[in-house]
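Below is one structure, written out as structure tokens; comments come after it.
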Amino acid sequence: MPVSSLRTAFCAAVAALLIAPAAPAAAANPYERGPAPTNASIEASRGSFAIAQVTVARSSVTGFGGGTVYYPTSTTAGTFGAVAISPGFTASQSSVAWLGPRLASQGFVVITIDTLSTLDQPDSRGSQLLAALDYLTQRSSVRTRIDATRLGVMGHSMGGGGSLAAARTRPALQAAVPLTPWHGTKSWTTVRVPTMIIGAENDTVAPVSSHSEPFYTSLSAAPDKAYLELNNASHSAPTSGGNVTVAKYSLSWLKRFIDNDTRYEQFLCPAPSGSAIQEYRNTCPHS
């Protein structure tokens, strides 16, 4: 081919590249659910998703005492992460029920459980939390809405201790949020799940000095951890029917680690402060 023809072909190829449409930008995190968060949105009692709920009869399941599932009604956003929540000693799911619609409306499938016995100890509650997650992902009516690789646990008091036990048993969990947790075991060095512990300054049932603080300190293998102490609050603060501080930081932790949604990092790092927070410790920046 003559040199002039080669030159013409080369120029045409370059021109084609220059006028070709740009490749689409890399997709946003595929697990993000809902609009970009603001301080107002994470403090709101409801998020952007319409939700529904279904009762899970005790007689229809094994391994836990039944409960209530809260879930986003729309499937257009794709699948959702899921969270199981346990009540504390002598309590029923009603004590933690307020978290169900609050978290579900932000883009999670949530099950608040009743335990097999209200007197069940923390390790049993941990096993029941895992049984509830297995039910959600394998047999529930909403199982097709759930991404079984994105799961977390929460719990109050002995249920909070149970969430630590569940995280120790199942390191594939993406997040754990023990709420004023109680457990006879103080060392949790084998837990590898990102864990936020929420304690209460005036807790006389599970004093932070012998429960939440040593639990947090012992989490040496957890890649990310945080300790939030509620100012001038009691053991029952997470069951108070809508504690905003508990809700906003639990939500941020679950979003950050179950959904890998770094848009929520701003609420966790740098360490939050304010009149509702007595103390906050963390491992910022998060991995």
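Under the 4.5 angstrom side-chain criterion for Ile, Leu, Val, Met, Phe, Trp and Tyr, the cluster partners of Phe89 are Leu119, Met158, Trp182.
Tyr280 has its side chain out of reach of Ser273: every pair of non-hydrogen atoms, C-beta onward, lies at least 4.5 Å apart. At least one side-chain heavy atom of Ile277 sits less than 4.5 Å from a side-chain heavy atom of Thr245. Side-chain contact between Thr75 and Arg145: present, with at least one pair of heavy atoms (C-beta onward) separated by less than 4.5 Å. The closest side-chain heavy-atom distance from Leu99 to Val110 is not below 4.5 Å. In this structure, the side chains of Val109 and Leu136 come closer than 4.5 Å at one or more pairs of heavy atoms. For the pair Arg168/Trp188, a side-chain contact is recorded, criterion being any heavy-atom separation below 4.5 Å from C-beta on.
The pair Arg143-Asp134 does not count as a salt bridge, with every side-chain nitrogen at least 4.0 angstrom from each carboxylate oxygen. Ionic pairing of Arg150 and Asp259 is present here: one or more N-O contacts between side-chain nitrogen and carboxylate oxygen are shorter than 4.0 angstrom. Note on Arg263 versus Glu265: no salt bridge recorded, every NZ/NE/NH1/NH2 to OD/OE distance being 4.0 Å or above. With salt bridges taken as basic N to acidic carboxylate O contacts below 4.0 Å, one links Arg281 and Glu213.
With no hydrogens or angles considered, no side-chain donor-acceptor pair links His235 and Thr204 at under 3.5 Å. One side chain, Thr68 or Gln93, offers a donor N or O that lies under 3.5 Å from an acceptor on the other. For the residue pair Gln278 and Asn232, no side-chain donor N or O sits within less than 3.5 Å of a side-chain acceptor on the partner. Between the side chains of Tyr264 and Gln266, not a single donor N or O lies within less than 3.5 Å of an accepting N or O. Side-chain contact, Ser234 with Asn202: no donor N or O sits under 3.5 Å from an acceptor N or O. Defined by atom type and a distance below 3.5 Å, a donor-acceptor pair is present between the side-chain atoms of Asn39 and Lys248.
Between the Asn231 side chain and the Ser275 main chain, a donor and an acceptor come within less than 3.5 Å of each other. Not one N or O on the side chain of Asp203 forms a donor-acceptor pair closer than 3.5 Å with the backbone of Ala200. Judged by distance alone, the side chain of Ser60 and the main-chain N or O of Val56 form no donor-acceptor pair under 3.5 Å. In this structure, the side chain of Gln128 engages the main chain of Leu116 through a donor-acceptor pair within 3.5 Å. A donor-acceptor pair is defined here as one N or O able to donate and one able to accept, closer than 3.5 Å; no such pair exists between the side chain of Ser86 and the backbone of Gly159. In this structure, the side chain of Ser74 engages the main chain of Thr76 through a donor-acceptor pair within 3.5 Å. A donor-acceptor pair is defined here as one N or O able to donate and one able to accept, closer than 3.5 Å; no such pair exists between the side chain of Ser250 and the backbone of Ala247. Although no hydrogens or angles enter the test, the distance criterion places a donor-acceptor pair under 3.5 Å between the side chain of Ser105 and the main chain of Gly47. Judged purely by atom type and a 3.5 angstrom limit, Asn282 has no side-chain atom pairing as donor or acceptor with the backbone of Cys269. A donor-acceptor contact shorter than 3.5 Å is absent between the side chain of Glu229 and the backbone of Tyr227.
Taken to the nearest 0.5 Å, the OG atom of Ser41 stands 14.5 Å off from the CZ atom of Arg46. Annotation: the span from Leu130 atom CG to Arg125 atom CZ amounts to 14.5 Å, rounded to 0.5 Å.
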Evaluate side chain to side chain contact (heavy atoms under 4.5 Å, CB included) for Met154 paired with Leu103, printing each intermediate quantity in order.
-> CA-CA 12 Å; Met154 296 178 68; Leu103 295 175; 3.8 Å; yes
Output, in order, the C-alpha distance, side-chain angles, deciding distance and verdict of side chain to side chain donor-acceptor pair (under 3.5 Å) for His156 and Ser95.
-> CA-CA 9 Å; His156 173 244; Ser95 65; 5.3 Å; no
Are Thr115 and Phe64 close enough, and set up right, to give a side chain to side chain contact (heavy atoms under 4.5 Å, CB included), and what steps lead you there?
-> CA-CA 5 Å; Thr115 47; Phe64 67 106; over 6 Å; no
Evaluate the side chain to side chain contact (heavy atoms under 4.5 Å, CB included) criterion for residues Lys255 and Ile42: first the C-alpha distance (whole Å), next the side-chain angles of each, then the deciding distance (0.1 Å), finally the verdict.
-> CA-CA 11 Å; Lys255 283 286 193 178; Ile42 65 171; over 6 Å; no
How far apart are the C-alpha atoms of Leu254 and Val83, what are their side-chain angles, what is the distance that settles it, and do they pass the side chain to side chain contact (heavy atoms under 4.5 Å, CB included) test?
-> CA-CA 9 Å; Leu254 297 173; Val83 184; 4.1 Å; yes
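In terms of the side-chain hydrogen bond (donor to acceptor under 3.5 Å, both in side chains) criterion, Ser163 has no residue partners (sequence neighbours excluded).
In this structure, Phe257 and Trp253 have tilted ring planes: the angle between them lies in the 30° to 60° band. Between Phe80 and Phe49, the ring planes lie perpendicular to each other; the angle is over 60°, past the 30° to 60° tilted range.
Tracing side-chain contacts under 4.5 Å through hydrophobic residues (I, L, V, M, F, W, Y), one never reaches Ile146 starting from Ile258; they form parts of separate clusters.
Both cation-pi conditions hold for Lys225 and Tyr216: the charged atom is under 6.0 angstrom from the six-membered ring centre and inside a 45 degree cone around its axis.
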